[in-house]
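Below, read A as the first sequence line, B as the second, and so on, with proteins coming before strands; counting in each chain starts at 1.
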2 protein chains.
Amino acid sequence: MKIGELSRATGTNIETIRYYERIGLLKAPARTSANYRAYDDLHRTRLAFVRHSRELGFSIEEVRSLLDLVDNPERECSQADQIATRHLAKVEKKIDQLITLRGELSQIIGRCRGGVAADCRVIESLADHTMCHRDHV
Amino acid sequence: MKIGELSRATGTNIETIRYYERIGLLKAPARTSANYRAYDDLHRTRLAFVRHSRELGFSIEEVRSLLDLVDNPERECSQADQIATRHLAKVEKKIDQLITLRGELSQIIGRCRGGVAADCRVIESLADHTMCHRDHV
DNA sequence: TCTACACCCTGTAGCAACTACAGGGTCAAG
DNA sequence: CTTGACCCTGTAGTTGCTACAGGGTGTAGA
């Protein structure tokens, strides 16, 4: 499988595949006589794992740790669970933050009654943080 | 006001203030004889506006457009409203995505029953996207 | 007066996680 | 024999900062 096929098979940008190889997330594949990368099914599986993990929001370093567990099946599963649990906590925190944000934003937008910028309630709200009812990060 | 005072007054990192000046978000202030930046209250207000906008998740370019409206008070307020409304839509989309993500993650985590990585359901789920009930980005 | 220390300056490099070239080589079809 | 699709390496750009390195300035105490 050449890099273009792997790219199509996994929905991953070619540059991204090469990037993953460069940072050591994917092992370097064999090369053809023309120096083209030649991938096999194991590479495809591994890349799919990486992509899926990334889609779920795991960082590259987290993916690296997860791949480490894949490569060492005798190790404790609890490590994977810990990574996932911590990530879930981050996601939940982010959701909370964004919901707060959404509240602030709709309040600010709701104040707009048209006219010129000089009288703009949106701009006024942005200038004056004390108008906010809640804190935001 | 020297940069350190402005930094404390607005809760902004000194490096960040200089960065904002470099990218033209803040106007370059006057300098003292020792070549120190000398800020006044207008600078403080402007930086507070920038910080608040950034806290609300507006991009630097969006902040730039908003500042443009501040500097041209005769312009239509609807531009500010448009920027904010578009941003709100982005925030709402992100919330939806994260909620989907949260669902996927808790499902994956819920499957963990301990043991070694070879039998790990978390890793299994990451390897096999087809187990997901919903799509994720 | 010396010196310690907090503060300021510029310029550049680093972070995450890619993405986008530039400038070349390879290979099969028409 | 040329066109076009594909591949290669290496480097620079993206966003929004943050972190130095290697200097200068200003003031308080010994």
Side-chain angles (χ1 to χ4, degrees), chain A residues 1-26 28-40 43 47 49-67 83 86-87 90-91 94 97 101 136-137, chain B residues 1-26 28-39 43 46-47 49-67 83 86-87 90-91 94 97 101 136-137:
Chain A
M1 213 193 290
K2 282 190 282 183
I3 199 166
E5 295 167 75
L6 181 66
S7 163
R8 281 186 296 276
T10 59
T12 314
N13 206 318
I14 289 179
E15 327 271 57
T16 306
I17 298 174
R18 286 198 282 247
Y19 167 71
Y20 286 162
E21 181 183 326
R22 204 162 55 241
I23 64 170
L25 210 57
L26 298 182
R31 297 290 181 125
T32 68
S33 56
N35 199 31
Y36 289 6
R37 287 172 179 80
Y39 297 98
D40 57 26
H43 285 106
L47 179 53
F49 183 98
V50 171
R51 287 315 297 167
H52 193 203
S53 304
R54 293 285 304 123
E55 275 164 17
L56 288 169
F58 289 99
S59 72
I60 295 275
E61 284 319 300
E62 285 166 337
V63 176
R64 215 187 280 280
S65 304
L66 291 166
L67 282 173
I83 292 169
R86 250 185 236 149
H87 181 51
K90 267 186 266 169
V91 169
K94 192 76 204 168
Q97 285 174 353
L101 214 62
H136 34 126
V137 201
Chain B
M1 214 191 289
K2 280 190 282 183
I3 199 166
E5 295 166 76
L6 182 65
S7 164
R8 282 186 294 276
T10 59
T12 313
N13 205 319
I14 288 179
E15 326 272 55
T16 305
I17 298 174
R18 287 198 281 246
Y19 168 71
Y20 286 162
E21 181 183 325
R22 203 161 58 242
I23 64 170
L25 211 56
L26 298 181
R31 296 290 181 126
T32 68
S33 55
N35 200 31
Y36 289 6
R37 286 173 179 81
Y39 296 98
H43 285 106
R46 203 177 178 84
L47 179 53
F49 183 98
V50 171
R51 287 314 298 165
H52 194 203
S53 304
R54 293 286 304 123
E55 276 165 17
L56 288 168
F58 289 99
S59 72
I60 295 277
E61 283 320 301
E62 285 166 337
V63 176
R64 215 186 280 279
S65 303
L66 290 168
L67 283 173
I83 292 170
R86 252 185 235 147
H87 181 50
K90 269 186 265 167
V91 168
K94 193 77 204 169
Q97 285 175 353
L101 215 60
H136 34 127
V137 204

* Asked: Can you check the A/R31 CZ to D/dC7 C1' distance for me, whole Å?
  -> 10 Å
* Over how many whole Å does the gap from B/K2 atom NZ to C/dC8 atom C1' extend? -> 7 Å
* Rounded to the nearest Å, what distance is computed from the CD atom of residue B/E15 to the C1' atom of nucleotide D/dG16? -> 13 Å
* Using atom NZ of A/K90 as one end and atom C1' of C/dA16 as the other, report the distance to the nearest whole Å. => 12 Å
* First locate atom NZ of B/K90, then atom CZ of B/F58, and finally report the distance between them rounded to the nearest 0.5 Å. => 8.5 Å
* How is B/T32 classified with respect to the nucleic acid when contacts are heavy atoms under 4.0 Å: base, sugar-phosphate, or nothing? -> nothing
* What nucleic acid atoms does B/R64 come within less than 4.0 Å of, heavy atoms only: base, sugar-phosphate, or nothing? -> nothing
* To do: Could you tell me which non-hydrogen atom of B/A28 sits nearest to which non-hydrogen atom of B/E21, and how far apart they are?
  => CB-OE2, 3.6 Å
* If each of A/S59 and B/E21 is mapped to the nucleotide of DNA chain C with the nearest heavy atom, which maps nearer the 5' terminus, i.e. the 5' end? -> B/E21
* Does B/T16 place a side-chain N or O at less than 4.0 Å from the phosphate oxygens OP1/OP2 of D/dG16? -> no
* Structure fact -> When rounded to whole Å, the CE to C1' distance for the pair A/M1 and D/dC7 reads 16 Å
* Quick one: is A/N35 getting a side-chain N or O under 4.0 Å of the D/dC8 phosphate, OP1 or OP2? -> no
* Indicate, with a heavy-atom threshold strictly under 4.0 Å, whether B/Y20 touches base, sugar-phosphate, or nothing. => sugar-phosphate
* Asked: From the list C/dC9, C/dT19, D/dC17, which nucleotide is the closest neighbour of the side chain of A/Y19?
  -> C/dT19
* To do: Starting at atom CD of A/E61, determine the distance to atom C1' of C/dC18, rounded to an integer number of angstrom.
  => 15 Å
* To do: Look at A/R18 and C/dA20 and indicate whether a side-chain polar atom (N or O) is within less than 4.0 Å of OP1 or OP2.
  => no
* Determine the contact category for B/R51: base if any of its heavy atoms lies under 4.0 Å from a base atom, sugar-phosphate if only primed atoms, P, OP1 or OP2 are that close, otherwise nothing. => sugar-phosphate
* Asked: Taking atom types as they are modelled, is there a donor-acceptor pair under 3.5 Å from the base of C/dG25 to the side chain of A/Y36?
  -> yes
* Is any side-chain N of the basic residue among A/R8 and A/E5 closer than 4.0 Å to the acidic one's carboxylate O? -> no
* Under 4.0 Å between a side-chain N or O of A/R22 and OP1 or OP2 of C/dC18? -> no
* To the nearest angstrom, how far is A/E55 atom CD from C/dC18 atom P? -> 11 Å
* To do: For B/I23, report the nucleic acid contact type (base, sugar-phosphate, nothing); a contact means any heavy atom under 4.0 Å.
  => nothing
* **Atom pair CZ/OG1 of A/R51 and A/T10 - distance to nearest 0.5 Å** => 7.5 Å
* Asked: Do NZ/NE/NH1/NH2 and the carboxylate oxygens of A/E61 and A/R64 come within less than 4.0 Å?
  -> yes
* For atom CD1 of A/I14 and atom C1' of C/dC18, their distance in whole Å -> 15 Å
